[in-house]
Every structure is written in C-alpha cells, then in structure tokens.
Amino acid sequence: MTTQNKTNTVEELISRSNRLGADKRNTNFAGGNTSAKGTDKDPVTGQDVELLWVKGSGGDLGTLKAGNLAVLRLDRLQALKSVYPGVEREDEMVAAFDYCLHGKGGAAPSIDTAMHGLVDAAHVDHLHPDSGIAIATAVDGEALTSKVFGDKVVWVPWRRPGFQLGLDIAAIKEANPQAIGTILGGHGITAWGATSEEAEANSLWIIDAAENYIKDNGKAEPFGAKLPGYSALPEAERKAKAAALAPVIRGLASTDRPQLGHFSDDGVVLEFLESAEHPRLGALGTSCPDHFLRTKVKPLVLDLPADASIEDSVARLKELHAAYREDYQAYYDRHADADSPALRGADPAIVLVPGVGMFSFGKDKQTARVAGEFYINAINVMRGAEAISTYAPIEESEKFRIEYWALEEAKLARMPKPKSHATRIALVTGAASGIGKAIATRLASDGACVVIADLNLENAQKVAEELGGSDVAIGVQADVTDEAQIAAAIQEAVLAFGGLDLVVNNAGLSISKPLLETTEKDWDLQHNVMAKGSFLVSKAAAKVMIDQGLGGDIIYISSKNSVFAGPNNIAYSATKADQAHQVRLLAAELGEHGVRVNGINPDGVVRGSGIFAGGWGAKRAAVYGVDEQELGKYYAQRTLLKREVLPEHVANAASVLTSNELSHTTGLHIPVDAGVAAAFLR
C-alpha cells in the first residue's frame, strides 16, 4: 500500500465523497463512510507519519468537508489489534480511537473507523446502495454474491458494525487479492482501491452490477398483484385526505414525546401500498442499521383501502397505534437486559396509508424528512430482494442490539439540549414584513418550524428561505379574509410539518380617519382583515390543534388602541377591541383542549412596520403635529420608559407567551408599549 501527502489525500477524499454522496443510488443521507490513508508531519517531531482520514460520526458524504473528517495515526490504530479483548467487549475499542487521534483529531471517529483503518488499502468506501442491500438482504445472499460478482466481491455474514467487522473485512481482503470489495450481509457494501479513482470506480461497479442483475433477472411484480381499492387517489383528493389525517397521526406519533412530521406521496410509496405483499413486507421491517435507527424496526400500516372515510381511518389508526405500542413494548421486553438503555418511546416513526402516502416523524423536520427517505430506500431494497429472491432482513434480536446499543445511547446523550420551541409548528399571518417577520424570525431561532403566511407569496417565500429553507420555514399565500385561502395555507402547513401548534394573528392594516370621513368601505375592510380574518384563522387552526390533542397557542397582535380611545381612529381601534375580546372568548372555549389564547398590545412600532410605511405613519404624525421621521421618538417620549418600541420587542413577547415558562397563562394581554398609563389594563 502506498500513501500520498496530506493535501492531495484530503482533497481527493472530499471530492470522491461528495460525488458518491450526491447520488442517492449510492448511499442514503448521512449513511456510509469513506476514507483515505496518507502522510503528514507529526506536529511534535516534524517527521512524516502515516495517517487515516475518515468521515467522522454523523457526517454526510454529499456535503462532507475537511472539518467533518476524523484524523488518526495509522500505526496506533493498527496497534489496537494487539489489545483487542474480543467481540464481547469490542465497544471499548471506540473509546480507544480517541487515543489514536493525530493533532486535534478533527471530527469524532465513528464505529466504522476500524473497517477503514485495518483494511490494507489506501482508499476505502463503505456505502448503503439500495441495489447492494437488496442482495445483502436476500435469503440466499451469499450464493447471489458469487453469481452476480464472481470472485471480485466476497460475502461477509451479518455482523454488527465494529472492530471485529473491520478485522473480518481485512482478512477477506488479504485472502482474496483479486477482490475489489464485499457485500455485508443485511447491511451494505465495502469497496477499496489503491487510488481514490480506483476505489470510486470499484464502488460504482458493484452498485451498477447489482442494479443490472436485478433489472435483467428480476420478476415483473416483486410486490405481488395490485390490491383492488388500494390504488393511489387522485392528487387533489390524496392531498386533502393526507391533510385531514396528518394532525391525528402526528398526535398519535407524539404520545411519548412531541414529534415533527413529513408527508410523502412518492410513487415508490404508493406503488408499494397498492401491492398485495405490502402487509407481509412491512411487518418484516427494515434491515440496514442506518434504516431502522431512523424508521424503527417496522412501520404502522393502515389496513384499509384508499377510499376509506376519514372517520373510519381515524378510528382504525387509533386501534392500530395502541396495538403498535403494545407490540413495541413486547419487542423491547424480549431483548432488553439489565444493561440496556431505557425504552426511548413506543410510537411509530413511519405511518403508511394506502392510496395516500407516508407520514414520517422525528425530533426536527430534517430528521422526519430523512426518516421518510430512508423508508423509501427500504422499499427499494425490498423490491430488489423480492425480484430475485426473498427478502430476509437481519434477526429482530440484532436489530434491538443496534437500536439500543450503548454507543448509540451515548451519541444521543451528546446531542445539544432542544431549544424552547423545538418540535413546535407556527403559522404567522402577515409575516413577510414588520412585526410578523420579526415574530417568525424569533420563533425560528427558538427552534420552531414556521409557516410564513402573507398576501405576497414571493415575499413570503423569500423570508422562508432567509430563515433556513424548507426544513425550517415555508412561505404560503393567504388572504385572511378568504376562508378557502386560509384552508389552503393550513393544508400546506400540515403537509409540510405534520400539524400546527401555534398561530399568530398578525395580518392587518390601518385606516386613520375621523368618524365623519370614515366610509362604510373603510369600516368593512378594516374589520374584514383583522376581526373576521383573525376569527377565520383561529377557527381553522383550532380544528387542527384539537385533532392533534397536543394543546397549542393562539396569539393575537392587538394594540394599545384596543383599550385606549385615541382621536381619528374609529375603524382601527374598534376592530382591535374586537380582536382583544376574541382572545378572552377563545381562551374560555379552547382551554379544555389545552389551547392557550393570549394577546399582545403593541404601540408606536414605527421602524420596520408595514402599517406605518403604508401611510399610517404620515397620518398619525399629522394628528400629533410632528414630522413623520420623528414619530418613533415622539411615541417614545410619551411613554413611561421613554423607549422606542421595535418589532423585535413584540417578537420577544410572542416567544415568552408561547413558551413553557407561561404554560399556565391564558386570556392575557401583554402591553409592549414602553408604558402608556392610559392603556393600563384594569
């Protein structure tokens, strides 16, 4: 084995990793790992030392950077063979990797580090391609490996990832000089090469050979015949049914702890669910460790046809969920011992609904989305295995050993503490500018997923992108005076994130006129947008929150003017008083469902305000006899604190009101006005 210098080695490794990881045919998100061996200077002696650069724990090949690599001394890593205590204690070897690090070591070494360090090849790839796992999970996988690849690829019986697996593959490489890689039973593939180009070519050859064999030799209907009544519903009907079921399913999946959701009606999922073998295959569960760590050992599958009513579907889902929890508890009890980590939750991570699609869940949107992507990988694996053989995943006991691995538990314990609004889904109206944008920005920074609802779709989508894109926020168009548009916006929210927990009624406008100049049109517009709009949004949101059974928050951005009688402001102040009383009415009505309803009364929010920029500022300045540019300072000087109020101050109040810190508060109005004595609540 020959090695290169650091610069070339790392650049080639990153480039190869990114190419392999960019194609989901090759591996799943954050799955698999790559490595390269080379030389660098010892920081103490200045002498050349041989090193291993390998993808660290938790990284993703498609986006891998140098900082995501663990860097280890090859001599020290290989010396671990002499102190290896055996398979029963191999978890201890992971801690030993820390003593093999070079310099500051880079990223934390993963469990697969031994595989890369012990195999006598300069470049090693370990991947999870669907085609490769299909052969790895076939009941006759060993015979198929020989048939598909000849002696170029060697079968490795299932073994949990770790030091012993690294020793096994190293021994196979040594005993089979003609081999370019292995099929790891139940798991994936490993390939190697003397150069980075050769390793990548060998990995792709294995993947392509497996794909071509399945395509050329597989049966036409690997999932069996089509089940009458289980075909996909038309798209609009499918989305509507998914949106109706999503809050209920999310509530069930959040029985142990709140979860975020993702919906997919990918053709792969719909085809699987319309086929006769999907109940059998679903019950067998996934096999590759990367799959079931994210999807749990098996999904919950609704056993009703596509045209089943919402009511019947909900009733059956609740029955199946209770049975799933009992079954998962029994699975845990069958395999847990005194040293096993505590049960982490018995709710499903994947819920499949025939004719509709797949709901996947996780601690955040990315985790939920990736769980769904992994189950699509699992479906593809099952298709390939069933096409050429019979799907036979690893034993349930082995799945448990992976899922409740002490090393996995330690990895979870290292995760940062969740933010205050983690797993919460917020919809903010009028959120593309001003107070609404400030609130959406604050809630996103608090860990919430946010739906930016605004009349201007382009602006809403721009704000969503600024907040982090579709795993954090989406932009939707919504005229709050239009019930159909509100329903469509909430459907988008539910399909994007699984449900809805928090609504901020912020959309508004202001017409500043004295009584005799206020027209009927002015009055109706003011009330339609804020009084009627808040009512319609709250009504639609409350339905989702009640279906979820997880409680929730509704916030009204009212105004100091809801309790203070100012001049030349009849339409605006009257509708703000309407909103203020909606808070009290809804707090009284929705409390039994755990939904808190509170209000915020800002005043004098000039800078960054869409209302003030739209002409309201000039009119109020004229009323008070000051220059419009000085209006913010004018408002500040008439307050008790003499401080100007900004959109961010209103956002702070929204954050606190919807946090657990005020979990027992409802029906409250918080002034954010720097102190206006005439508007004190009595």
Worksheet, complete the sentence: Applied to residues 181-201, the salt bridge (charged side-chain N to carboxylate O under 4.0 Å, His left out) test, sequence neighbours excluded, yields R19-E200
Fill in: Validation row: T423, P418 side chains within 4.5 angstrom (heavy atoms)
no
Fill in: Neighbour count above 12 (heavy atom, 6.0 Å) for E395 CD
no
Discussion item. Using 0.5 Å steps for rounding, measure from the CG atom of L127 to the OG1 atom of T190.
Written reply: 8.0 Å
Worksheet item: Got more than 12 heavy atoms from elsewhere within 6.0 Å of CD, E142?
Response: no
Worksheet item: Taking R160 as the fixed residue, which of D112, D168, D91 is the one that meets the salt bridge (charged side-chain N to carboxylate O under 4.0 Å, His left out) rule?
Response: D91
Fill in: Non-hydrogen side-chain atoms of L165 and V156 separated by less than 4.5 Å
yes
Discussion item. Pair E396, V297 - check side chain to side chain contact (heavy atoms under 4.5 Å, CB included), show working.
Written reply: CA-CA 8 Å; E396 181 186 89; V297 290; 5.9 Å; no
Per-pair distances, 0.1 Å, donor-acceptor, side chain in residues 211-223, under 3.5 Å, sequence neighbours excluded:
from	atom 1	to	atom 2	distance (Å)
E211	OE1	R25	NE	3.4
E211	OE1	R25	NH2	3.0
E211	OE2	R25	NE	2.9
E211	OE2	R25	NH2	3.3
N212	ND2	D208	O	3.1
N217	ND2	Y213	O	2.9

Residues 346-355, side-chain donor-acceptor partners within the protein, below 3.5 Å, at least two apart:
from	atom 1	to	atom 2	distance (Å)
D347	OD1	H321	NE2	2.8
D347	OD1	R325	NH1	2.7
D347	OD2	T255	N	3.1
D347	OD2	D256	N	2.8

Fill in: Straight-line distance of I14 CD1 to L61 CG, nearest 0.5 Å
9.5 Å
Worksheet item: Are T137 and S287 linked by a side-chain donor-acceptor pair shorter than 3.5 Å?
Response: no
Practice prompt. Calculate, to the nearest 0.5 Å, the distance between atoms CD and CZ belonging to Q366 and F29 respectively.
Written response: 4.0 Å
Discussion item. D75 vs V49, test: side chain to side chain contact (heavy atoms under 4.5 Å, CB included). Steps then yes/no.
Written reply: CA-CA 9 Å; D75 57 347; V49 289; over 6 Å; no
Which donor-acceptor pairs under 3.5 Å do side chains of residues 377-387 form with protein atoms, sequence neighbours excluded?
from	atom 1	to	atom 2	distance (Å)
N377	ND2	D130	OD1	3.1
N377	ND2	D130	OD2	3.3
N380	OD1	R383	NH1	2.8
N380	ND2	D130	OD2	3.1
N380	ND2	I376	O	3.4
R383	NH2	E271	OE1	2.7
E386	OE1	R280	NH2	2.7
E386	OE2	Y391	N	2.8

Worksheet item: Does the side chain of W155 reach to within under 4.5 Å of the side chain of L144, using non-hydrogen atoms?
Response: no
Worksheet item: Is E465 atom CD crowded by more than 12 heavy atoms from other residues, nucleotides or ligands, each under 6.0 Å away?
Response: no
Discussion item. Students often mix this up, so state it plainly: with edges at 30° and 60°, are the rings of F272 and Y375 parallel, tilted or perpendicular?
Written reply: perpendicular
Discussion item. For D140 and S389, which I'm curious about, is there any donor-acceptor pair between the side chains at under 3.5 Å?
Written reply: yes
Worksheet item: Are K37 and V124 side-chain neighbours, meaning at least one heavy-atom pair lies under 4.5 Å?
Response: yes
Worksheet item: For Y84, what residues pass the ring pair (Phe, Tyr, Trp, His ring centres under 6.0 Å) criterion, not counting sequence neighbours?
Response: F163
Fill in: Check: N18 and L64 side chains under 4.5 Å, non-hydrogen atoms
yes
Worksheet, complete the sentence: dist E373:CD -> R294:CZ (nearest 0.5 Å) comes out at 10.5 Å
Practice prompt. Take I394 and K399 through the test side chain to side chain contact (heavy atoms under 4.5 Å, CB included) and record every step on the way to the result.
Written response: CA-CA 7 Å; I394 62 176; K399 293 181 182 182; 3.8 Å; yes
Worksheet item: Under the side chain to side chain contact (heavy atoms under 4.5 Å, CB included) criterion, do K239 and E235 qualify, and how do the steps go?
Response: CA-CA 6 Å; K239 301 286 191 190; E235 183 177 9; 3.8 Å; yes
Worksheet item: If you count the non-hydrogen atoms of other residues, nucleotides and ligands that lie under 6.0 Å from NZ in K147, is the total more than 12?
Response: no
Discussion item. Check this for me: K24, atom NZ, are more than 12 non-hydrogen atoms of other residues, nucleotides or ligands nearer than 6.0 Å?
Written reply: yes
Worksheet item: What distance separates L20 CG from S15 OG, expressed to the nearest 0.5 Å?
Response: 9.5 Å
Item to complete: May I ask you to check whether over 12 heavy atoms, not counting those of R76, lie within 6.0 Å of atom CZ?
Response: no
Please report, to 0.1 Å, the donor-acceptor pairs under 3.5 Å made by any side chain of residues 174-188, with sequence neighbours excluded.
from	atom 1	to	atom 2	distance (Å)
N176	ND2	I172	O	2.9
Q178	NE2	D151	O	3.0
H187	NE2	H126	NE2	3.2
H187	NE2	H128	NE2	3.3

Discussion item. Other residues, nucleotides and ligands only: do more than 12 of their heavy atoms fall within 6.0 Å of NZ on K296?
Written reply: yes
Worksheet item: Which word best sums up how the rings of F400 and H335 line up, parallel for under 30°, tilted for 30 to 60°, or perpendicular for over 60°?
Response: tilted
Worksheet item: Out of curiosity, S264 OG to L495 CG, how far, rounded to the nearest 0.5 Å?
Response: 11.0 Å
Worksheet item: Do L118 and I169 come close enough that some side-chain heavy atom pair is under 4.5 Å?
Response: no
Practice prompt. Check whether any side-chain heavy atom of P85 sits under 4.5 Å from a side-chain heavy atom of E92, and report yes or no.
Written response: yes
